[in-house]
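Presented below is the structure to which this report refers.
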Amino acid sequence: MADKTRNQIRFILNGADVALTDIAPDATLLDWLRLNRSLRGTKEGCAEGDCGACTVLVGKLSVEGLVYESVNACIRFMGSLDGTHVVTVEHLRGNGERLHPVQQAMVDFHGSQCGFCTPGFVMSLYALWMKTSNPSDAAIEKALQGNLCRCTGYEAIMRAARAISSYGKAAKDPLAVERKDITARLGALRDGARVEVGSGKERLIVPADVDDFARALEKEPGATIVAGSTDVGLWVTKHMRDISPAIFIGGLDGLRTISEADGVITVGAGVTYSEAFATLSRRIPALGPLVDRIGGEQVRNMGTIGGNIANGSPIGDTPPPLIALGARLTLRKGNARRTIPLETFFIAYGKQDRQPGEFVEAVHVPVPAEGTKFAVYKVTKRRDEDITATLGAFYLTEAKDGTVADIRIAYGGMAPTPKRATAVETALIGKVWSEATVEAAMAEYASDFTPITDMRATAEYRGLAAKNLLLRFYVETTGTRAPFQVTRNEAA
């Protein structure tokens with residue numbers, strides 16, 4: 001156990017220090033704000049991290065200093081807030097009696113009608129404005145991917161977003177002016193102690209560091225590990241599952257590192273999509289557009305690469321491309337570690353190669369070699385903030401004579417686990433990389449996959465889409481036809 005243990009979750013709410021000694025493992029920030037603090041500007045719309053009506057900002061200390069991110073309060077557990085600064089819409093203020101610049105812009109440009117979603121939009125735009133005072137339209141659209149409005153119309157909100165800086169300067173905003181003070185206050189909360197709140201099974205644990213996490217999980221192998229809670233949150237809000245005892249690891253610095261050595265990027269299991277984006281999109285460009293389509297900004301600020309893998313979902317977005325790239329996974333139990341090919345981690349639906357007390361510590365992703373070709377395509381009903389129907393990832397190495405020296409193809413949404421198309425690969429290897437070869441290999445999809453029909457797609461659609469993604473990869477890597485043009489209205 002850590003040298004010190006305390007029984008309090010400590011954080012800053014707007015301007016006030018908070019210490020909680022009686023909080024359930026499954027208590028959400030949204031419920032606590034509304035029911036315990038009467039801060040009802042934060043709304044419940046979907047209770048699953050889709051609509052953005054519950055958006056708040058959470059500030060945390062990182063290697064870059066104090067960083068504020070928009071998050072979904074409906075699926076953010078209180079146990080994850082230790083050592084953070086929570087900012088709700090009630091904390092926004094302008095000079096004197098004036099509204100905050102974001103709020104005033106929304107008023108003047110008619111960015112609100114019924115108003116239910118408006119606080120969430122305000123908070124998402126606030127987070128963007130604090131990072132980029134004059135954002136591009138693309139940046140605004142990305143920041144608002146996770147905010148839904150059914151009555152105003154987004155163009156009015158876009159006009160408001162473009163105008164915010166005409167109402168004030170981000171550098172003079174209270175969060176900017178008070179940054180040094182808040183940084184010092186958060187630093188004082190980092191006492192190196194393990195947090196344990198509750199007793200018996202009904203308790204939550206926030207480990208002091210990764211070593212302490214390893215010890216805690218060995219002692220409580222049946223505990224629910226909560227990293228970003230973008231999935232575990234729904235276990236509670238939608239499925240009413242008991243997650244006690246819960247171990248919250250989102251704040252562990254030792255799991256939030258990204259490094260590269262010898263052409264391999266090592267991503268700690270606690271690195272969020274937002275934190276991984278810069279490195280992955282720069283070193284493996286095809287991953288950039290994929291990450292941008294995982295949930296909305298709030299989900300990407302919470303969800304972690306390690307959690308997406310450890311969850312084992314057959315429609316998780318990161319495992320197929322990482323499998324195609326030949327990624328490896330480090331698992332840890334106590335002080336013992338083992339590293340395995342990522343594709344072998346997924347055994348069957350709901351079953352992974354992870355022993356009791358063992359956790360995902362890092363994933364190691366090879367950067368594509370020079371001259372190779374890599375692509376990933378995601379098919380959904382709507383382009384943004386939607387769950388995958390099927391996803392294909394392709395990594396091709398051609399020989400000098402134009403034949404396929406090696407190819408790795410992996411899919412999500414086509415089987416009970418993320419899975420390689422080994423029969424298709426075998427049909428392609430050694431053959432000339434041509435349209436005829438690709439079309440002949442498509443017959444092998446029936447050997448690799450037996451997709452199901454569900455609310456996202458029929459089995460027939462998935463089977464056809466999977467084949468066409470291979471054809472798309474061929475076309476885009478050879479330029480033999482006009483390339484596929486993806487517009488904002490297309491699904492893939």
Side-chain angles (χ1 to χ4, degrees), residues 2 4-44 54-62 65-93 119-120 123 126-127 130 173-199 202-208 226 228-229 233 236-237 243-253 298 301-302:
K4 296 188 293 182
T5 302
R6 57 179 157 86
N7 66 343
Q8 294 179 328
I9 294 290
R10 305 187 306 185
F11 61 97
I12 302 170
L13 172 63
N14 294 327
D17 292 326
V18 176
L20 302 176
T21 57
D22 183 16
I23 196 76
D26 60 358
T28 65
L29 175 57
L30 174 64
D31 285 347
W32 185 81
L33 288 173
R34 294 179 61 83
L35 302 177
N36 295 76
R37 291 302 173 106
S38 297
L39 295 173
R40 299 191 177 101
T42 307
K43 309 296 187 184
E44 178 176 315
C54 67
T55 301
V56 299
L57 303 191
V58 172
K60 61 184 181 182
L61 297 179
S62 70
L66 176 56
V67 177
Y68 287 95
E69 296 177 323
S70 58
V71 304
N72 295 120
C74 68
I75 54 172
R76 185 71 181 244
F77 294 113
M78 297 298 293
S80 71
L81 298 176
D82 194 62
T84 67
H85 181 201
V86 178
V87 181
T88 71
V89 69
E90 289 86 356
H91 197 53
L92 272 65
R93 57 195 186 276
M123 295 307 288
Y126 184 30
M130 292 297 292
D173 185 84
L175 278 192
V177 174
E178 299 164 5
R179 180 174 292 268
K180 185 175 180 180
D181 175 61
I182 294 296
T183 298
R185 289 169 66 183
L186 292 181
L189 294 179
R190 305 182 79 171
D191 58 359
R194 174 193 285 192
V195 177
E196 291 200 25
V197 177
S199 61
E202 294 295 319
R203 73 188 196 282
L204 65 84
I205 300 168
V206 184
V226 184
S229 72
V236 171
T237 63
I243 62 169
S244 304
I247 302 177
F248 292 89
I249 64 170
L252 299 183
D253 290 340
Q298 298 94 321
N301 289 337
M302 291 170 56

Legend entry - Worked verdict on Phe77 versus Leu29 for side-chain contact (heavy atoms from CB on, under 4.5 Å): CA-CA 6 Å; Phe77 294 113; Leu29 175 57; over 6 Å; no
Legend entry - Worked check of side chain to side chain donor-acceptor pair (under 3.5 Å) between Gln298 and Thr55: CA-CA 8 Å; Gln298 298 94 321; Thr55 301; 2.9 Å; yes
Inset, instruction - Check the pair Ile243, Val236 against side-chain contact (heavy atoms from CB on, under 4.5 Å), reporting the backbone distance first and the verdict last. - result: CA-CA 8 Å; Ile243 62 169; Val236 171; 3.9 Å; yes
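Distance CG/Leu186 to CZ/Arg179: 10.5 Å, rounded to 0.5 Å. Interatomic distance, CG of Leu57 versus NE2 of His85, reported as 9.0 Å (0.5 Å rounding). A distance of 6.0 Å separates CE in Met302 from CG in Asn72, rounded to the nearest 0.5 Å.
Side-chain atoms of Arg203 never come within 3.5 Å of backbone atoms of Glu196 as a donor-acceptor pair (strictly under, hydrogens ignored). In this structure a side-chain-to-backbone donor-acceptor pair under 3.5 Å is present from Arg93 to His91. Side-chain N or O atoms of Lys180 include none that pairs as donor or acceptor with a backbone N or O of Val177 at under 3.5 Å. Distance alone, capped at 3.5 Å, is enough to place a donor-acceptor pair between the Asp173 side chain and the Leu175 backbone. Side chain of Asn301 to main chain of Val71: no donor-acceptor pair is present (N/O by atom type, distance under 3.5 Å, no hydrogens or angles).
Counting all heavy atoms, side chain and backbone alike, Leu39 lies closest to Arg34 at O-CG, 3.8 Å. The shortest non-hydrogen separation linking Glu90 to Thr42 is OE2-N, 4.4 Å. The two residues Cys74 and Cys54 make their nearest non-hydrogen contact at N-SG, 3.3 Å. Closest approach of Val226 and Ala246 over heavy atoms only: CG2-CB, 4.3 Å. The heavy-atom pair separating Met123 from Val89 by the smallest distance is SD-CA, 3.5 Å. In terms of heavy atoms, Gly79 sits closest to Leu204 at CA-CD2, 4.2 Å.
Using a 4.5 Å heavy-atom threshold, the side chains of Leu33 and Val56 count as touching. Taking the side chain as every heavy atom from C-beta outward, Val18 and Met78 never approach each other to under 4.5 Å. Side-chain contact check for Trp32 versus Leu20: some heavy-atom pair is nearer than 4.5 Å.
Salt bridge status for Glu69 with Arg76: absent, with no side-chain N to carboxylate O gap under 4.0 Å.
In this view, Thr84 satisfies the side-chain hydrogen bond (donor to acceptor under 3.5 Å, both in side chains) rule with no residue, not counting sequence neighbours.
For Asp181, the CG atom sits in a packed shell: over 12 heavy atoms of surrounding residues, nucleotides or ligands are nearer than 6.0 Å.
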Can you list, pair by pair, the side-chain donor-acceptor contacts under 3.5 Å of residues 6-16, counting residues two or more places apart and other chains?
unit_1	atom_1	unit_2	atom_2	d
Arg6	NE	Asp191	OD1	3.4
Arg6	NE	Asp191	OD2	2.9
Arg6	NH1	Gln8	O	2.7
Arg6	NH1	Asp82	OD1	3.1
Arg6	NH2	Asp82	OD2	2.9
Arg6	NH2	Asp191	OD1	3.4
Arg10	NH2	Leu189	O	3.0
Arg10	NH2	Asp191	OD2	3.2
Asn14	OD1	Thr88	N	2.9
Asn14	ND2	Thr88	OG1	3.2

